[in-house]
Amino acid sequence: MKDQEVVNKFIQLRAQGWTYARLMVELNVTKPTLIAWSRKYQFEIQNLHAIELEALREKWLASTTDRVNALGEKLRRVQGELEKRDLSTLSTPQLMSAARNLQRQIEQATGPLQSTLPLNDIPAEEQHEHVHDWKA
């Protein structure tokens, strides 16, 4: 069996999206070994990949909290303006449409996050399927 440091490096690099061809050169490991490791450590790779993507999003995009707060503030202003308006005015449908649009954006921005655990890490009374997925 390969040294645990090599396995750990494999998990990290695979989570970053490295191909088997690139990993074979970098780690000096055969493709069948890499495939076996990929199966064995699939949950660690998947969760680390999710963490990597989250870090990229944080780096390049406003945080979910910041986006939702900004959208919420816009929604509050639109709703405040709607409250001032007579519903028979021409711009009311546009404001109502903007309110619905902002609500949808908030729903999308706070969409589900998914994590997984190997079956043997879940207490028996909580097991329902081979892989336990949940939305945060």
Side-chain angles (χ1 to χ4, degrees):
M1 177 155 177
K2 299 290 182 183
D3 183 59
Q4 190 59 42
E5 285 183 29
V6 176
V7 172
N8 291 341
K9 188 170 184 180
F10 162 77
I11 293 169
Q12 183 179 33
L13 296 175
R14 189 70 176 147
Q16 292 174 6
W18 282 43
T19 64
Y20 288 126
R22 192 171 171 199
L23 288 165
M24 286 172 25
V25 172
E26 176 71 21
L27 303 175
N28 194 29
V29 176
T30 66
K31 188 172 185 177
T33 299
L34 294 174
I35 292 170
W37 287 352
S38 188
R39 286 186 188 121
K40 183 175 181 178
Y41 300 107
Q42 64 180 318
F43 299 109
E44 290 89 340
I45 293 167
Q46 181 179 348
N47 290 334
L48 187 56
H49 182 67
I51 291 168
E52 295 278 340
L53 289 177
E54 182 180 41
L56 281 173
R57 283 182 184 174
E58 184 177 342
K59 179 179 178 180
W60 295 107
L61 301 174
S63 73
T64 299
T65 302
D66 292 341
R67 286 193 318 274
V68 170
N69 284 335
L71 290 168
E73 181 55 38
K74 287 179 185 177
L75 177 59
R76 184 180 11 254
R77 291 193 333 248
V78 167
Q79 288 173 331
E81 187 62 29
L82 270 173
E83 290 173 8
K84 297 177 192 176
R85 301 280 176 107
D86 178 356
L87 294 178
S88 64
T89 64
L90 181 62
S91 60
T92 299
Q94 293 170 338
L95 283 172
M96 291 177 74
S97 177
R100 283 192 306 272
N101 183 27
L102 290 166
Q103 288 169 338
R104 276 193 297 270
Q105 288 182 51
I106 290 171
E107 289 169 358
Q108 288 175 348
T110 59
L113 298 175
Q114 187 172 345
S115 296
T116 58
L117 282 177
L119 186 61
N120 60 355
D121 286 356
I122 303 169
E125 64 274 5
E126 294 180 20
Q127 292 181 6
H128 299 288
E129 297 182 19
H130 295 295
V131 175
H132 190 75
D133 291 328
W134 69 93
K135 295 178 181 178

*Do Arg100 and Arg104 pass the side-chain contact (heavy atoms from CB on, under 4.5 Å) test, and can you show the C-alpha distance, the side-chain angles, and the key distance before you say yes or no?*
CA-CA 6 Å; Arg100 283 192 306 272; Arg104 276 193 297 270; 4.1 Å; yes

*Could you give the distance from CD (Gln79) to NZ (Lys84), rounded to the nearest 0.5 Å?*
13.0 Å

_Does any part of the side chain of Gln42, heavy atoms only, come nearer than 4.5 Å to the side chain of Arg39, both counted from C-beta?_
no

*Spatial distance of atom CG (Leu71) from atom CD1 (Ile106) [nearest 0.5 Å]*: 5.5 Å

_Rounded distance (nearest 0.5 Å) linking atom CG of Leu13 with atom CG of Leu27_ = 6.0 Å

_Straight-line distance of Leu48 CG to Arg14 CZ, nearest 0.5 Å_ = 12.5 Å

*Between CD1 of Ile45 and CD of Glu52, what distance do you get to the nearest 0.5 Å?*
12.0 Å

_Contacts of type side chain to side chain contact (heavy atoms under 4.5 Å, CB included), residue Arg67, not counting sequence neighbours_ = Leu61, Ala62, Thr64, Ala109

*Any residue meeting salt bridge (charged side-chain N to carboxylate O under 4.0 Å, His left out) with Lys9, in chain and number order, not counting sequence neighbours*: Glu26

*Is there side-chain contact between Trp37 and Val29, with at least one heavy-atom pair below 4.5 Å?*
yes

*How long is the gap from CG on Asn47 to CD1 on Ile11, to the nearest 0.5 Å?*
11.0 Å

*Is the side chain of Asn101 donor-acceptor paired with the backbone N or O of Ser97 at a distance under 3.5 Å, no angle test?*
no

_Do Val7 and Tyr41 have side chains that approach each other closer than 4.5 Å (heavy atoms only, starting at C-beta)?_
yes

*Looking at Gln4, Glu5, Gln12, which hits side-chain hydrogen bond (donor to acceptor under 3.5 Å, both in side chains) with Asn8?*
Gln4

*Residue list, salt bridge (charged side-chain N to carboxylate O under 4.0 Å, His left out) with Arg76, at least two apart or on another chain*: Glu73

*Same cluster for Trp18 and Ile51 if Ile/Leu/Val/Met/Phe/Trp/Tyr side chains link at under 4.5 Å?*
no

